[in-house]
There are 2 protein chains.
Amino acid sequence: MSGVEERETAVGGGLSHRVPDLGGLELLLAVARLGSLGGAARELGITQPAASSRIRSMERQLGVALVDRSPRGSRLTDAGALVTDWARRIVEAAEAFDAGAQALRVRRDSRLRVVASMTIAEYLLPGWLLALRAGRPDTAVSLHAGNSATVAERLLSDEADLGFVEGLTVPSGLDSVVIAHDHLIVVTAPGHVWARRRRPLEAAELAATPLILREKGSGTRQVLDAALGGLARPLIELSSTTAVKAAAVSGAGPAVLSELAVGEELALRRLVRVPVAGVSLARDLRAVWPTGHRPVGPARDLLSLTRD
Amino acid sequence: MSGVEERETAVGGGLSHRVPDLGGLELLLAVARLGSLGGAARELGITQPAASSRIRSMERQLGVALVDRSPRGSRLTDAGALVTDWARRIVEAAEAFDAGAQALRVRRDSRLRVVASMTIAEYLLPGWLLALRAGRPDTAVSLHAGNSATVAERLLSDEADLGFVEGLTVPSGLDSVVIAHDHLIVVTAPGHVWARRRRPLEAAELAATPLILREKGSGTRQVLDAALGGLARPLIELSSTTAVKAAAVSGAGPAVLSELAVGEELALRRLVRVPVAGVSLARDLRAVWPTGHRPVGPARDLLSLTRD
DNA sequence: ATGAGGGCATAAGCTGTCTTTATGAGCGGT
DNA sequence: ACCGCTCATAAAGACAGCTTATGCCCTCAT
């Protein structure tokens with residue numbers, strides 16, 4: 001209730017003022033791994049005083065001692081070990097971001113050109129790219145995102161070497177292999193009536209209720225319409241998974257989304273899964289390529305990483 | 001193969017030079033949500049030119065156009081939508097970090113004092129704290145991490161209101177309720193012989209092989225020793241889950257860890273799960289409190305969030 | 001004992017980034 | 001035609017982080 005506390009929570013955002021920047025977190029991880037400030041500094045290509053000062057400023061910012069300094073090295077405190085583990089999650093997310101972002105740059109010299117549907121590009125590809133980078137560090141990948149039609153088009157016009165789609169059907173002219181299974185699920189904000197519901201929803205009830213949906217033509221919408229016999233009733237139609245999630249979290253109504261998209265939200269209880277019965281909302285995720293042109297080289301490397 | 005490219009990948013670290021900082025990512029999320037640079041700027045408490053310049057510098061850094069500007073607002077480009085979703089993962093990890101870090105500060109006025117074992121504090125508590133903050137924004141939580149004995153000690157001396165343990169036994173003097181189930185799993189680096197193994201490991205084989213383990217006395221080690229009859233043979237003993245994971249990832253040998261701890265690593269294929277048969281490596285995660293003092297108020301709120 | 005080496009802290013100066021203030025320009029509805 | 005919204009540009013100030021240059025502490029080997 002103090003003025004400061006009030007403002008801190010009222011501002012709400014300002015995360016970047018309470019969380020050390022990525023450079024600081026990387027430094028902390030290096031200190032944890034190497035057991036020495038100077039060693040960590042060397043690894044990151046900065047000087048020892050810079051590392052010392054930076055760790056100290058993180059400790060000031062967090063209000064917690066992170067490392068025990070001694071004349072023969074530095075070890076994490078108990079709190080420091082916790083903070084370091086939480087920091088690792090941020091850095092891993094940043095690594096995935098980096099792998100994805102590098103692939104988004106249009107480069108003519110890419111040895112592997114991938115085109116993928118949105119959901120796959122958002123939730124699965126960064127991980128695959130990281131794994132690929134670990135195994136084949138010199139493979140330059142470029143990524144283009146689009147719907148199933150776009151994927152087919154770019155593959156057939158030789159603008160891409162490997163594609164990923166999430167629809168019900170495989171575009172003609174393409175061979176495919178199933179690489180994972182996905183389910184659409186119904187979710188609501190925790191405050192919604194359905195959030196407390198134990199008895200599964202029936203198809204009729206789902207079809208009769210206005211839902212927050214992706215636009216017609218999206219892979220997600222295709223599957224839902226097919227499952228309900230083309231009857232899905234939109235409360236609003238939004239053009240991205242993100243917008244649908246945001247609307248559902250804010251309590252606008254129930255939404256239908258891939259379980260890939262809402263893992264985090266379910267874990268944090270920002271959204272609640274509503275049980276459904278008698279409706280087939282499963283779909284396959286597939287890798288695709290032009291008929292007959294079985295993937296070779298880098299494309300084959302990536303494909304082998306996607307096996308679940 | 002160019003000089004610049006060479007250096008970028010050779011440095012390897014330097015993540016913070018290729019990924020925008022948290023402030024920039026938050027700004028991008030706000031732009032995506034509000035559809036306007038100026039609106040996002042207002043929400044974050046900065047001026048419109050600052051937002052404009054910052055978004056522009058992110059686009060320069062990533063080499064990709066993120067937003068389509070128009071005289072009546074800004075919308076994300078396709079690439080921008082992808083980048084924004086990847087950015088959201090980073091920001092969510094940062095929110096968990098923040099929730100945890102705030103709880104680590106020692107504050108006398110905390111209305112809820114929690115003491116938890118390491119694994120739970122590392123992997124589950126931040127999410128619970130975020131959910132608690134969402135539902136009860138004014139609950140100040142403080143967190144202390146330690147082993148089972150520490151948890152019991154602090155609860156019984158009234159230094160904590162609610163505890164979480166992961167061992168096989170409940171310390172005497174405490175009541176408990178099971179809040180989740182956990183399994184220890186055997187993992188190796190992808191290059192290890194066991195990584196390609198299909199036939200499950202037997203207890204005898206596991207007991208005969210030197211493993212990367214937590215130190216004796218840790219919850220993880222207790223469960224493993226019990227399951228193998230006290231026979232676990234350490235290749236090395238390390239004092240943190242983190243260190244065990246790092247050793248396993250680097251290929252030092254097979255490790256035994258909670259599946260909570262290696263979710264990310266398995267998804268990114270940095271580690272591979274080795275099937276095991278005939279060994280009971282399950283354990284319960286429990287909330288605990290002094291016998292008779294059933295949790296009330298904030299403690300009860302938190303407890304109700306942990307139900308799986 | 002004593003000197004060498006590794007480890008950390010402090011001080012001073014520099015540089016770059018991000019910010020604000022001030023202003024201009026495009027588009028749309030009234 | 002004007003007002004309101006949007007975004008862009010330019011100039012100047014504030015701040016954070018880095019480097020260089022030291023000094024102290026501890027340990028180990030000579």
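Below, chain A is the first sequence line, B the second, and so on; all start at residue 1.
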Nearest whole angstrom, please: distance from the [atom2] of [N] to the [atom1] of [X].
| X | N | atom1 | atom2 | answer |
| --- | --- | --- | --- | --- |
| B:Leu22 | C:dT17 | CG | P | 18 Å |
| B:His17 | D:dC18 | NE2 | P | 8 Å |
| B:Leu76 | D:dC7 | CG | P | 12 Å |
| A:Leu44 | D:dG17 | CG | P | 15 Å |
| A:Arg54 | C:dC8 | CZ | P | 17 Å |
| A:Glu59 | C:dA9 | CD | C1' | 13 Å |
| A:Ile55 | C:dG7 | CD1 | C1' | 14 Å |
| A:Gln48 | D:dC24 | CD | C1' | 12 Å |

Of the candidate nucleotides [options], which contains the atom at the shortest distance from the side chain of [X]?
| X | options | value |
| --- | --- | --- |
| B:Pro49 | D:dC7, C:dA22, C:dT10 | C:dA22 |
| B:Arg72 | D:dC18, D:dC26, C:dG28 | C:dG28 |
| A:Ala50 | D:dC18, D:dC7, C:dT19 | D:dC18 |
| B:Arg56 | C:dG6, C:dC27, D:dT9 | D:dT9 |

query: When rounded to the nearest 0.5 angstrom, what distance separates CG in A:Asn147 from CD in A:Glu215?
result: 8.5 Å
message: Nearest 0.5 angstrom please: B:Asp98 CG to A:Leu62 CG, how far?
response: 9.0 Å
Any [X] side-chain N or O less than 4.0 Å from OP1/OP2 of [N]:
| X | N | value |
| --- | --- | --- |
| A:Thr47 | D:dT19 | yes |
| A:Arg69 | D:dC24 | no |
| B:Ser52 | D:dA8 | yes |
| B:Ser36 | D:dC5 | no |
| A:Ser74 | C:dC8 | yes |
| B:Ser57 | C:dT17 | no |

task: May I ask you to decide whether A:Glu92 forms a salt bridge with B:Lys245, counting only side-chain N to carboxylate O separations under 4.0 Å?
output: no
Touch class at under 4.0 angstrom, heavy-atom based, for A:Arg60 against every strand present: nothing
- prompt: Touch check for A:Ser70, heavy atoms < 4.0 angstrom, all strands: base, sugar-phosphate only, or nothing?
  reply: sugar-phosphate
- request: Between B:Pro71 and A:Ala51, just flag the one whose closest nucleotide in DNA chain D comes earlier from the 5' side.
  value: B:Pro71
field: Non-hydrogen atoms of A:Ala40 and A:Leu27 that approach each other most closely
entry: CB-CD1, 3.9 Å
- prompt: Heavy atoms, side chains only, cut-off 4.5 Å: are A:Leu15 and B:Leu22 in contact?
  reply: no
message: If you define the side chain from C-beta out and look only at heavy atoms, does anything of A:Arg33 sit under 4.5 Å from B:Thr242?
response: no
